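From a predicted model like this one, the values you see are computed outputs, not experimental measurements.
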Amino acid sequence: MATVLAPSTAEEIRDLLAHLLAGVTDACEATWRRRIGAIERYPTWKYVRFNWGVALSRSVVDREAIEKAVEIVRAEHPYITDPFPKDVDWLRR
């Protein structure tokens with residue numbers, strides 16, 4: 001039986017989102033990686049049901065498709081294990 005590994009880092013989540021979106025549109029995965037933007041990790045004391053989100057780039061035309069893909073992927077993979085950035089003030093976010 002094959003073992004399926006769950007994505008555990010922000011980069012793996014971004015790759016999974018790009019793969020999902022490329023499968024249902026005519027754009028390639030590299031295009032979707034650029035459109036998706038950065039994956040941010042959130043503290044679990046602030047967001048209990050998940051600990052990551054997508055910082056969409058400003059010129060995103062396909063914002064609705066990306067948000068729907070985030071909902072789908074986050075339902076199956078709500079947590080990532082990347083370390084927190086050192087320069088973020090969590091109380092001001």
Side-chain angles (χ1 to χ4, degrees):
M1 181 168 238
T3 303
V4 178
L5 298 175
S8 61
T9 65
E11 193 61 35
E12 291 172 354
I13 290 287
R14 188 173 174 201
D15 289 343
L16 182 58
L17 288 168
H19 183 75
L20 176 68
L21 288 163
V24 295
T25 63
D26 56 353
C28 66
E29 288 185 30
T31 301
W32 281 112
R33 275 190 210 94
R34 283 192 307 272
R35 291 179 184 171
I36 290 169
I39 305 294
E40 300 176 335
R41 181 170 179 204
Y42 305 138
T44 51
W45 59 265
K46 191 169 184 182
Y47 300 95
V48 179
R49 295 185 181 168
F50 54 87
N51 77 341
W52 63 272
V54 175
L56 297 172
S57 36
R58 293 181 185 171
S59 62
V60 174
V61 177
D62 302 309
R63 181 179 299 264
E64 187 176 329
I66 294 171
E67 289 173 352
K68 183 57 85 174
V70 166
E71 289 177 24
I72 292 167
V73 172
R74 192 185 281 151
E76 289 295 320
H77 308 289
Y79 300 104
I80 59 174
T81 58
D82 282 351
F84 285 112
K86 302 280 189 226
D87 59 343
V88 176
D89 183 5
W90 294 110
L91 299 177
R92 293 185 182 225
R93 264 187 133 191

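With sequence neighbours excluded, no residue forms a side chain to side chain donor-acceptor pair (under 3.5 Å) with Arg74. Listed by chain and residue number, Lys68 satisfy the salt bridge (charged side-chain N to carboxylate O under 4.0 Å, His left out) test with Glu71 (two or more places apart in sequence, or in another chain). Considering only residues two or more places apart in sequence or on other chains, Phe50 meets the ring-ring contact (aromatic ring centres under 6.0 Å, His included) condition with Tyr47. Residues forming a side chain to side chain donor-acceptor pair (under 3.5 Å) with Thr25 (at least two apart in sequence, or on another chain): Trp32.
The distance from atom CD1 of Ile66 to atom CZ of Arg35, rounded to the nearest 0.5 Å, is 7.5 Å. Interatomic distance, NE2 of His77 versus CG of Leu17, reported as 10.0 Å (0.5 Å rounding).
Residue pairs meeting the salt bridge (Lys or Arg N to Asp or Glu O under 4.0 Å) criterion with at least one member in residues 12-32, sequence neighbours excluded: Asp15-Arg33, Glu29-Arg33.
By the 4.5 Å heavy-atom criterion applied to side chains, Thr44 and Tyr42 are not counted as neighbours.
Cluster membership for Val54 and Tyr79, using ILVMFWY side-chain heavy atoms within less than 4.5 angstrom, is not shared.
The nearest pair of heavy atoms linking Leu21 to Ala65 is CD2-O, 3.6 Å. Closest of all the heavy-atom pairs between Pro7 and Ile13 is CG-CD1, 3.8 Å. In this structure, Ile36 and Ala18 approach most closely via the heavy-atom pair CD1-N, 3.7 Å. Considering all non-hydrogen atoms of both residues, Ala22 and Cys28 come closest at CB-C, 4.0 Å.
The backbone N or O of Thr81 sits nowhere less than 3.5 Å from a side-chain atom of Ser8 that would complete a donor-acceptor pair.
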